[in-house]
Engineer: 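Quick one: the structure is below, and I'll ask about it shortly.
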Amino acid sequence: MNEMKKAVISVLGTDKKGIIAQVSRILYENDANILDISQTIVSGLFSMILIADIAAADCSFDALKTELDALGDRIGVQIRIQRSEIFEAMHQI
Amino acid sequence: MHMINTSEILETLNMIDHQKLDVRTITMGISLLSCVTDDEDRLCDNIYDLITRRAENLVKVGREIERDYGVPIVNKRISVTPAALVTGAIRHPVKVARALDRAAKTAGVDFIGGYSALVHKGITEADRRLIESIPEALSETDFLCSSVNVGSTRAGINMDAVRLMGETVKATAQRTADNGGLGCAKLVVFCNAVEDNPFMAGAFHGPGEGDCAVSVGVSGPGVVKVALEGVKDAPFDEVAETIKRTAFHITRVGQLVAREASRRLDVPFGIVDLSLAPTPAVGDSVAAILEEMGLEVCGAHGTTAALALLNDAVKKGGVMASSHVGGLSGAFIPVSEDIGMIQAAQKGALSLEKLEAMTCVCSVGLDMIAIPGDTPAQTIAAIIADEAAIGMVNNKTTAVRVIPAPGKRVGDNVEFGGLLGHAPVIPVRELDSAAFIRRQLGSYLSSCSCWVTVLVTGS
């Protein structure tokens with residue numbers, strides 16, 4: 001099995017229909033595999049953290065970032081993709 | 001495999017978004033020793049070619065890391081071998097200053113440091129020529145930073161160099177008078193300078209370093225301040241623990257960035273320097289941390305103790321997080337770059353004397369302090385001597401970066417712009433120190449240093 005390369009996608013903004021659908025479609029189209037999703041809505045504020053494996057050969061971090069940035073602009077929420085090492089470095093010894 | 005949990009992710013995002021966690025700088029240290037020749041133009045070409053080749057991808061890689069990990073990398077910088085070590089055989093070191101500045105512009109970096117001389121024991125002809133050229137060099141360049149080491153715990157203080165630097169600071173202010181004396185913001189006078197400091201204006205690539213190394217400076221006073229908001233009225237050990245834990249988290253980010261930069265640039269990893277380096281932005285202040293600990297305003301009695309606690313805990317937290325901690329690591333107290341310090345100085349709570357006391361326990365020294373433009377060179381030299389004495393006796397790095405702002409008086413404001421911020425001009429003592437500074441280098445301070453050496457080494 002190939003070694004996993006993980007990315008953390010975080011979405012913050014006003015809740016509206018189809019956020020998860022649209023984010024996961026972009027991930028699917030870019031050959032990323034979703035490992036974990038957690039999502040909450042607190043007083044209308046939508047927050048989702050999604051962890052995906054982006055190790056597949058066809059999966060480009062840059063392409064994902066470009067598409068997710070564009071989606072965020074279009075639907076008016078903040079979408080960010082970051083390599084997971086920053087969180088691991090910070091919180092694991 | 002441990003899956004990172006949501007609250008940890010949100011905590012990190014919050015630090016970046018709202019608490020101004022950033023990697024202040026990726027600094028590439030480059031040795032210029034291989035460039036040496038006695039032909040001025042060839043020396044300049046060698047230096048320019050070497051730097052632009054080595055640092056070709058520095059800015060690009062910095063941007064890639066920033067994009068991949070979503071953490072801001074504010075500056076990319078270059079530090080080089082103290083220029084006096086490579087200009088011994090030429091007449092006009094200022095040509096090298098211009099070559100360094102050109103190389104910085106081609107590489108696309110924010111600063112280049114190392115127009116420097118190490119004169120803590122004695123001054124060579126090359127050192128003297130370089131020091132005398134500093135005002136011209138800093139007035140003709142945009143990104144160049146300069147530093148001079150005038151003392152060390154082992155060697156004592158070179159009082160000839162101290163006198164010379166008083167005059168040099170003054171002349172630099174005058175040559176850059178149109179910009180409020182901005183040249184002085186890029187000139188540091190050290191005691192016990194460190195060879196691997198990635199922070200400006202005092203960065204240089206020491207003669208004990210290898211050909212090339214990347215070091216990272218991390219910052220995040222805002223993160224520490226917010227963490228302390230959670231331990232109001234708690235005992236001191238809880239305060240220290242909180243700072244240590246926060247410093248650990250921040251330094252781990254630096255360690256990751258340094259390792260990645262080293263790998264992608266194929267250059268050895270130097271050090272991670274965790275320094276709480278404030279910026280003039282609200283929420284990015286070291287003074288605010290001290291006030292959060294329970295002081296009405298930075299400068300109140302207790303400030304030195306609070307700063308000592310902070311500096312100690314930051315160092316201890318940082319050491320555990322990185323395999324190579326170095327540089328200055330601790331808390332910086334640059335007045336013009338810290339909104340809390342600026343306000344404290346405006347209220348009159350922060351005097352030069354209090355700042356001097358704080359430098360006994362912070363990580364560097366008197367930093368980014370605007371003083372009246374008519375302050376005599378001898379008084380500036382005396383300020384340098386005091387600060388160097390603190391560093392020499394206490395075996396710590398100290399520095400002076402003061403700006404005698406031309407035409408400005410106490411209470412006026414001086415604007416430097418960007419990360420350098422703005423500062424109210426604060427008073428210096430108008431008492432005369434000239435006869436002390438005028439003395440030739442004799443036996444007192446060097447014998448004093450022998451005494452200190454005995455004290456420190458026990459030999």
Side-chain angles (χ1 to χ4, degrees), chain A residues 1-13 19-20 23 30 32-43 45-55 59-70 72 77-93, chain B residues 1-19 21-23 60 63-73 216 218 220 223 227 244-264 269 272 274 317-323:
Chain A
M1 185 186 139
N2 287 336
E3 204 183 323
M4 275 205 247
K5 202 164 109 185
K6 286 186 290 179
V8 173
I9 295 108
S10 53
V11 184
L12 289 170
I19 299 180
I20 298 182
V23 170
N30 283 278
N33 183 31
I34 296 174
L35 303 171
D36 190 28
I37 301 185
S38 80
Q39 184 249 302
T40 53
I41 296 167
V42 181
S43 52
L45 190 72
F46 178 91
S47 136
M48 173 172 77
I49 305 282
L50 191 152
I51 299 170
D53 180 11
I54 54 167
C59 185
S60 144
F61 183 90
D62 287 349
L64 265 175
K65 180 166 167 52
T66 311
E67 287 186 42
L68 289 170
D69 283 350
V77 295
Q78 186 195 49
I79 307 182
R80 236 185 313 198
I81 177 165
Q82 290 160 278
R83 294 276 299 272
S84 66
E85 287 95 327
I86 179 141
F87 304 102
E88 287 154 7
M90 217 170 187
H91 299 285
Q92 293 169 20
I93 298 177
Chain B
M1 189 196 297
H2 171 87
M3 195 69 98
I4 335 133
N5 72 43
T6 309
S7 71
E8 289 169 346
I9 290 171
L10 289 174
E11 189 188 337
T12 303
L13 294 178
N14 209 15
M15 286 182 191
I16 294 169
D17 288 350
H18 302 295
Q19 299 165 24
L21 168 66
D22 60 47
V23 171
K60 181 171 136 282
R63 291 207 183 111
E64 284 169 8
I65 294 174
E66 185 171 36
R67 185 202 57 198
D68 288 357
Y69 297 106
V71 62
I73 298 173
V216 160
V218 241
V223 184
K244 276 191 245 176
R245 216 172 27 246
T246 312
F248 176 84
H249 287 318
I250 300 174
T251 309
R252 293 282 288 186
V253 175
Q255 166 86 6
L256 170 71
V257 169
R259 219 179 45 224
E260 270 306 301
S262 156
R263 189 179 65 77
R264 295 182 193 196
F269 167 19
V272 175
L274 168 62
V319 164
M320 199 184 147
S322 171
S323 47

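A, B, ... follow the sequence lines: proteins, then strands. Residue 1 opens every chain.
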Engineer: Heavy-atom distances under 4.5 Å only: say whether B:I9 touches chain A with side chain, backbone, both or neither.
Structural biologist: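 Both parts, backbone and side chain.
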Engineer: With a 4.5 angstrom heavy-atom cut-off, which part of A:Q78 approaches chain B: side chain, backbone, both or neither?
Structural biologist: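 Side chain of A:Q78 only, per the 4.5 Å heavy-atom cut-off to chain B.
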Engineer: Tell me which of these, B:M15, B:E64, B:R252, has more heavy-atom pairs under 4.5 Å with chain A than the rest.
Structural biologist: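 If we count pairs closer than 4.5 Å to chain A, B:R252 comes out on top.
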Engineer: For B:E11, is it the side chain, the backbone, both, or neither that has a heavy atom closer than 4.5 Å to a heavy atom of chain A?
Structural biologist: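 Contact with chain A: side chain only.
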Engineer: With a 4.5 angstrom heavy-atom cut-off, which part of B:L21 approaches chain A: side chain, backbone, both or neither?
Structural biologist: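 When you check distances to chain A, only side chain atoms of B:L21 fall under 4.5 Å.
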Engineer: Are A:V8 and B:Y69 close enough, and set up right, to give a side chain to side chain contact (heavy atoms under 4.5 Å, CB included), and what steps lead you there?
Structural biologist: CA-CA 10 Å; A:V8 173; B:Y69 297 106; over 6 Å; no
Engineer: So, are A:D62 and B:R67 salt-bridged, with charged N and O less than 4.0 Å apart?
Structural biologist: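 Salt bridge present between A:D62 and B:R67.
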Engineer: Mind ranking B:L13, B:V257, B:T6, B:V71 by heavy-atom pairs under 4.5 Å with chain A and telling me who comes out on top?
Structural biologist: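 Top option by heavy-atom pairs under 4.5 Å: B:L13.
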Engineer: Check this for me, if you would: do A:E88 and A:K6 make a salt bridge, where the nitrogen-to-carboxylate-oxygen distance has to be below 4.0 angstrom?
Structural biologist: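 Salt bridge flag = yes for A:K6 with A:E88.
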Engineer: Salt-bridged, B:R63 to B:D68, with N to O below 4.0 Å?
Structural biologist: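 No, no charged N to carboxylate O under 4.0 Å.
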Engineer: Spell out, as yes or no, whether a donor-acceptor pair under 3.5 Å connects the side chain of B:S262 to the backbone of B:A258.
Structural biologist: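 Pair absent, no side-chain N/O of B:S262 close to backbone of B:A258.
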